[in-house]
Participant: 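Quick one: this structure, given as structure tokens, is what I'll be asking you about.
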Amino acid sequence: MNHATSFERVWRSASASLFRMAHGSLLALGLVAVVFIGSGRLDGEQATSFNALVSEANAAETPVVAAAPAAKKVSVKVVEEDVTLSREMARVRDWVSRRYKVSTVALEPVLLAAEESGRHVGIDPLLIVAVMAIESSFNPFAESSMGAQGLMQVIPRFHMDKIGDERGEDALFDPELNVRVGTLVLQEGLRRYGSMKSALQYYGGALSDPAAAYARKVMAMQQRLTTAAGRKSDGAA
């Protein structure tokens, strides 16, 4: 009898643990019953106790876990800004394409960069385009014997502060970056010397030229671009 009582205590303890682990699941009790019956160790009294426990489990409340609400589908519309050339610059694109035999597809991002950079620093975009025409004839891979690179023929070693130290030595062959950096060089000259003519001479490395030949050449090209754009000249350049 002591053996039976000890066995019952062990059996009840094991059953209670299974109840806690399975949260009232009858599967655990079924497994216990199968084990004990299969081993011939579940006598009549123990079977009665077992059945009572099963009844108690059936009567107990089973916690109900509410199903998580279905995730709502959220439609995210990505609005891409439609950036296009101004009407003036579109006319310039066509004129440059004919004169320099350059694809309009290749010119468009370059001229967009000129418009954006010019607006940012307060310089006429047509002046920036004029520098490109004089410096490289719109060849983004041009390189001089002095190491000037790209569309606006910027010398990297003199303008790393504008390029960014993390960029490689060939960074200025990226046309859009070249235009942005070249525009910053023009802005720097304008800030230092106070007039666009002097800024252009600074840009061309010809500050000592009293005739300002480089500035006059760029400004003459700017005037042709102004005509191509259909803009009336205001003489501000």
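FYI, side chains are in, hydrogens and waters are out, and symmetry mates aren't considered; it's all heavy atoms of this structure.
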Participant: Start with the C-alpha distance between Leu151 and Val131, add both sets of side-chain angles, then the distance that settles side chain to side chain contact (heavy atoms under 4.5 Å, CB included), and finish with yes or no.
Facilitator: CA-CA 9 Å; Leu151 288 166; Val131 172; over 6 Å; no
Participant: Rounded to the nearest 0.5 Å, what's the gap from CD1 on Ile128 to CD on Glu116? Could you check?
Facilitator: 11.0 Å
Participant: Tell me, with the steps shown, if Ile155 and Arg157 meet side chain to side chain contact (heavy atoms under 4.5 Å, CB included).
Facilitator: CA-CA 6 Å; Ile155 300 177; Arg157 66 180 181 273; 3.6 Å; yes
Participant: Grouping I, L, V, M, F, W and Y whenever their side-chain heavy atoms are under 4.5 Å apart, do Phe173 and Ile163 come out in a common cluster?
Facilitator: no
Participant: Going through the checks in order, is the side chain to side chain donor-acceptor pair (under 3.5 Å) test met by Gln201 and Tyr193?
Facilitator: CA-CA 10 Å; Gln201 288 299 110; Tyr193 301 104; over 6 Å; no
Participant: Compare all side-chain heavy atoms of Val185 with those of Tyr202 and state whether any distance is below 4.5 angstrom.
Facilitator: yes
Participant: To the nearest 0.5 Å, what is the distance between CZ on Arg93 and CZ on Arg91?
Facilitator: 11.0 Å
Participant: Of the non-hydrogen atoms in Pro156 and Leu172, which two are nearest, and what is the gap between them?
Facilitator: CG-CD1, 3.8 Å
Participant: Tell me whether Thr227 contacts the main-chain N or O of Gln223 through its side chain, where contact means a donor paired with an acceptor under 3.5 Å.
Facilitator: yes
Participant: For Leu107 and Ser97, work out which heavy atoms get closest and say how close.
Facilitator: CD1-N, 3.7 Å
Participant: May I ask you to decide if Ser86's main-chain N or O and Glu115's side chain share a donor-acceptor pair within less than 3.5 Å?
Facilitator: yes
Participant: Please report the C-alpha distance between Val96 and Leu225 in whole Å, then the side-chain angles of each, then the deciding distance to 0.1 Å, and finally whether the side chain to side chain contact (heavy atoms under 4.5 Å, CB included) criterion is met.
Facilitator: CA-CA 9 Å; Val96 169; Leu225 293 170; 4.1 Å; yes
Participant: Within the structure provided, determine whether Glu88 and Thr226 are in side-chain contact (heavy-atom separation under 4.5 Å).
Facilitator: no
Participant: Nearest 0.5 Å, what's the CD-OG distance between Glu135 and Ser144?
Facilitator: 8.5 Å
Participant: Say you draw a straight line from CD of Glu176 to CG of Leu111; how long is it, rounded to the nearest 0.5 Å?
Facilitator: 10.5 Å
Participant: Kindly give the heavy-atom pair with the smallest separation between Pro125 and Gly118, and that separation in Å.
Facilitator: CG-CA, 4.5 Å
Participant: Honestly curious: do Val181 and Phe141 fall in one hydrophobic cluster under the side-chain, below-4.5 Å linking rule?
Facilitator: no
Participant: Counting C-beta onward and ignoring hydrogens, is there a side-chain heavy-atom pair between Leu184 and Arg180 closer than 4.5 Å?
Facilitator: no
Participant: Would you say that Met196 contacts Leu127 through its side chain, given a criterion of any heavy-atom pair below 4.5 Å between the two side chains?
Facilitator: yes
Participant: Looking at every heavy atom in both Ala142 and Ser136, which two are closest together, and how far apart are they?
Facilitator: CB-CB, 4.0 Å
Participant: Mind checking the CG-CD spacing from Leu200 to Gln222? Nearest 0.5 Å is all I need.
Facilitator: 8.0 Å
Participant: What's the verdict on salt bridge (Lys or Arg N to Asp or Glu O under 4.0 Å) for Lys162 and Glu188, showing C-alpha distance, side-chain angles and the deciding distance?
Facilitator: CA-CA 10 Å; Lys162 303 173 188 66; Glu188 183 176 76; 3.0 Å; yes
Participant: Could you tell me which non-hydrogen atom of Met152 sits nearest to which non-hydrogen atom of Asn178, and how far apart they are?
Facilitator: N-OD1, 2.8 Å
Participant: Give me the atom names and distance for the closest heavy-atom approach of Pro175 to Val110.
Facilitator: CB-CG2, 3.8 Å
Participant: Measure the OH-CD distance between Tyr203 and Gln153 for me, rounded to the nearest 0.5 Å.
Facilitator: 8.0 Å
Participant: Examine Leu190 and Phe158 and state if one hydrophobic cluster contains both, with Ile, Leu, Val, Met, Phe, Trp and Tyr joined whenever side-chain heavy atoms are less than 4.5 Å apart.
Facilitator: no
Participant: If we only count heavy atoms from C-beta on, is the Thr183 to His120 side-chain gap below 4.5 Å?
Facilitator: no
Participant: Within a strict 4.5 Å, meaning less than it, do heavy atoms of the Asp124 and Arg231 side chains meet?
Facilitator: yes
Participant: Could you check Thr84 against Glu108 for side chain to side chain contact (heavy atoms under 4.5 Å, CB included), going step by step and ending with a plain yes or no?
Facilitator: CA-CA 9 Å; Thr84 57; Glu108 197 143 316; 5.7 Å; no
Participant: Under 4.5 Å between any side-chain heavy atoms of Ser103 and Val105, yes or no?
Facilitator: yes
